[in-house]
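Only one structure is covered here, and it is reproduced in the block below.
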Amino acid sequence: MKPKLKTILFITSFIPVIVFKVVARVGDATLAQAKVATVVGLMLAGIQFILSKRFVKHTTYLEKTFLGFLGFGTAWVYLTPVHVSSLFVDHSTALLYFALFLTTFIPQLFGYDPFTYAIAKQTTPEKVWNTPHFRTINLHLTYFWSVIFFVNFLSSWLGHGKPLFSILIPLIIILGIGLPVVKIYPKYYLKRQFTSQSIDPSLIPDTAKELILRMPMGFRPEAADDLKAEIQFDLSGEGGGKMVLSISEGKCSFREGDSSSPSLTIRSPADVWMKIARQEINRAQALMDGLYEVEGDMNFLMKMGDLFRPPTKAKEEDLTQKGEKKMKILAIQGSPRPKASNTEILLQEFLKGAQSQGAETDTVYLKEKEFHPCLGCYTCWAKTPGICVFKDDMPEILEKVKGCDILVYATPLYNYNMTSLLKAFQERLLPLLDPHLIKMGEIYRHPQRYKMNRKMVLISTCGFPEVSHFDALRHVFRHIERSGQTPLVGELLMPGGELLKQHGMKENVQGVLQTAYRAGIEVIREGRVLEETEMEIQKPLVPPDALAEMANLWWDSHLEGITQGKPVQGKIEDMRLLLRGMAASFNSQAAGDLKATIQFEVTGNQTGDWFLSIENGKCAYHEGKANSPNLTIKTASEVWLAIANQEMDGQQAFMEGKYTATGDISLLMRMRSLFGAKKS
Ligand SMILES: Cc1cc2nc3c(=O)[nH]c(=O)nc-3n(C[C@H](O)[C@H](O)[C@H](O)COP(=O)(O)O)c2cc1C
């Protein structure tokens with residue numbers, strides 16, 4: 001039924017009782033007048049009832065109540081002796097309140113909708129009608145109206161129908177208490193139900209996408225039991241996108257794109273979702289207000305608060321209570337390409353995780369510092385104990401090292417080891433050691449000159465796909481651990497580190513970033529990075545063969561001059577690399593049992609024929625022409641690269657004929673989900 005018609009119906013349902021009261025001169029009628037009034041009222045109520053049933057196929061509780069009341073009243077005044085029927089005449093208003101009391105009190109006891117449902121449904125989206133909270137709020141409000149109508153009944157009855165008691169007081173109660181409570185209560189209820197811990201807004205990421213990306217980190221497996229579900233987010237506007245949270249076997253993972261069978265789909269403007277996250281608006285209330293839409297299992301939406309812990313910061317007072325202080329983390333970043341480095345991406349994510357737990361962090365970029373290699377003069381041991389001959393940036397950094405609780409060494413793998421920058425830095429730590437050789441355990445070592453309780457974390461990326469390339473580096477750090485009395489409490493070692501910046505790898509990379517962030521949380525909460533987190537980082541993003549092929553394609557394209565100069569972060573410039581990357585970032589889950597071949601016939605700057613074959617949940621990249629492709633895309637390389645780099649909208653480009661597609665067009669439509677986060 002249309003909302004307008006509902007409103008008309010609601011208003012007209014009052015007409016019969018109003019007419020009845022007017023004809024019966026409100027409360028001052030004779031029996032003869034009351035007889036006329038009840039009949040007129042009954043006829044009007046009957047007409048309203050029939051018209052509603054006939055034309056809008058719906059009648060409201062109010063219509064039924066008024067019809068029942070007037071029918072009952074008519075029978076009363078016509079069929080009972082005068083002294084009984086005058087009771088109705090004297091107390092018709094009180095009896096009307098009593099009828100309303102019964103209507104608000106009885107139906108829900110027999111499983112019918114409570115009285116306020118009809119009105120509530122007009123102001124809330126249909127999706128929320130079958131949520132337990134909608135029902136509870138309406139039950140509370142309906143019983144609240146029962147109390148109001150009963151009080152009005154008593155006021156009117158005991159006040160002998162005098163206007164003060166039958167009209168004024170009840171009206172004040174209805175307008176002054178009833179209506180405001182109806183307005184305020186749902187908000188109050190939902191706020192109480194859904195505002196758990198308060199959230200520090202500084203812990204909320206800047207974009208909705210990052211917010212969803214981080215949700216798996218707050219996932220509570222204990223609340224999920226054996227839940228298997230996918231939540232599809234479709235967040236419009238800046239910072240949004242299509243994203244999926246997949247929950248299964250007590251784990252939750254994030255991916256961009258579409259879910260083939262989501263248990264719950266949330267469609268929201270990205271800024272609304274951000275406001276919800278910052279607790280500026282209540283999640284359930286926003287839904288009731290229609291600020292976002294939900295499809296699927298509504299109860300699942302309500303359970304989300306249990307499933308995902310909000311981001312928390314360990315409060316300083318909590319730490320002091322536990323006898324701990326705010327952790328200070330100093331990161332020594334040893335890449336020669338400091339802020340544009342792969343290692344930096346991992347490091348900063350790790351630090352963000354630690355910050356979320358209240359840690360204070362500082363990063364020293366060695367490349368940007370002025371410091372000399374150690375001369376081996378031992379002045380810092382003999383002549384000026386603890387003080388180096390060089391007056392460069394090092395003394396300041398040493399002070400930071402002395403004051404930190406966790407020292408993070410972040411270095412790319414260079415020749416199986418740390419970079420020379422980091423190596424030079426470590427040599428300059430000599431002033432922190434005492435020259436004497438003291439046997440500690442099995443071996444002799446130099447004791448620390450200053451009292452310290454430092455721990456160490458190693459973060460590194462390397463180019464090759466196998467984790468075994470880190471063996472020597474790990475070995476070195478084990479030695480540092482033993483001889484420096486500095487426990488190594490985490491190793492984040494990522495092979496194939498160049499993939500961190502590959503645009504086509506976005507989706508897989510996000511998984512790595514989540515894990516690095518989690519490692520940062522763990523090092524503060526647990527005192528070390530858990531072994532499973534370390535293992536997770538080491539997992540190759542793509543199979544070694546695929547990585548080697550992609551790397552070789554990249555070098556070829558560089559040598560052929562396609563990829564010019566320094567690579568632009570996240571930008572793909574070579575068609576072959578793009579298509580190979582698509583094959584590597586293939587989403588087997590979205591593909592199901594799809595068997596297809598997609599041919600690319602490319603013109604423009606990078607002419608060539610390539611195809612992707614999909615079978616058994618895998619996608620392979622080939623050069624040349626396929627025998628009978630299911631879909632053929634004819635495009636200029638500039639167009640397809642622009643689409644891949646999100647500089648051009650794929651769908652719009654297709655409409656505008658910038659590229660053509662022949663064959664199974666549904667495959668073209670599926671490409672976005674089949675190939676991870678890329679636009680196609
Ligand atoms: C001089 C040099 C030596 C390298 N040695 C190795 C190596 O032994 N093993 C390896 O897997 N990668 C090696 N790489 C690749 C880097 O470790 C890899 O690209 C890393 O992700 C770069 O990290 P960054 O961006 O943080 O500097 C080397 C790179 C350079 C420039």
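If you're wondering where the values come from, they're calculated on a predicted model, not measured in any experiment. Remember, it's 1-based here, ligands and their atoms both numbered in the order they're listed. Counting begins at 1 with the first residue of the sequence.
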Using a strict 4.0 Å threshold on nitrogen-to-oxygen distance, state whether Arg337 and Glu498 make a salt bridge. yes

Hey, is ligand 1 close enough to Arg337 that some N/O pair sits below 3.5 Å? yes

Identity and distance of the protein heavy atom lying nearest atom 16 (C) of ligand 1: Leu413 O, 3.6 Å

How far is atom 23 (O) of ligand 1 from its nearest protein heavy atom, and which residue and atom is that? Pro412 CB, 3.1 Å

Close N or O approach (Glu344, ligand 1; < 3.5 Å): no

Counting each atom of ligand 1 from 1 as listed, which ones have a heavy atom of Thr343 under 4.0 Å away? 23 (O), 24 (P), 26 (O)

Could you work out, for atom 10 (C) of ligand 1, the closest of Tyr414, Tyr416, Phe464 by heavy-atom distance? Phe464

Report the nearest protein non-hydrogen atom to atom 20 (C) of ligand 1: residue, atom name, distance rounded to 0.1 Å. Thr461 OG1, 3.4 Å

Note the single closest protein heavy atom to atom 19 (O) of ligand 1, along with its residue, its atom name and the distance in Å. Glu498 OE2, 2.6 Å

Quick test of your reading of the model: are Arg670 and Asp258 salt-bridged, counting only N-O distances below 4.0 Å? no

Taking Lys455 first and then Asp405, would you say they form a salt bridge - that is, a charged N and a carboxylate O separated by under 4.0 Å? no

Tyr450, OH: over 12 other non-hydrogen atoms inside 6.0 angstrom: yes

For Gly463 and ligand 1, does the shortest N/O to N/O distance drop below 3.5 Å? yes

Side chains of Gln333 and Tyr409: donor-acceptor distance under 3.5 Å anywhere? no

If you measure only the distance, is there a donor-acceptor pair under 3.5 Å linking the side chains of Ser637 and Gln606? no

Students should be able to answer this: which protein heavy-atom is nearest to atom 3 (C) of ligand 1, and at what distance? Asn415 OD1, 3.2 Å

Taking atom types as modelled, find out whether Thr461 and Thr343 have a side-chain donor-acceptor pair closer than 3.5 angstrom. yes

Can you say whether the rings of Phe219 and Phe308 are parallel (under 30°), tilted (30 to 60°) or perpendicular (over 60°)? tilted

Shortest protein heavy-atom distance from atom 27 (O) of ligand 1, along with the residue and atom involved: Ser335 OG, 2.7 Å

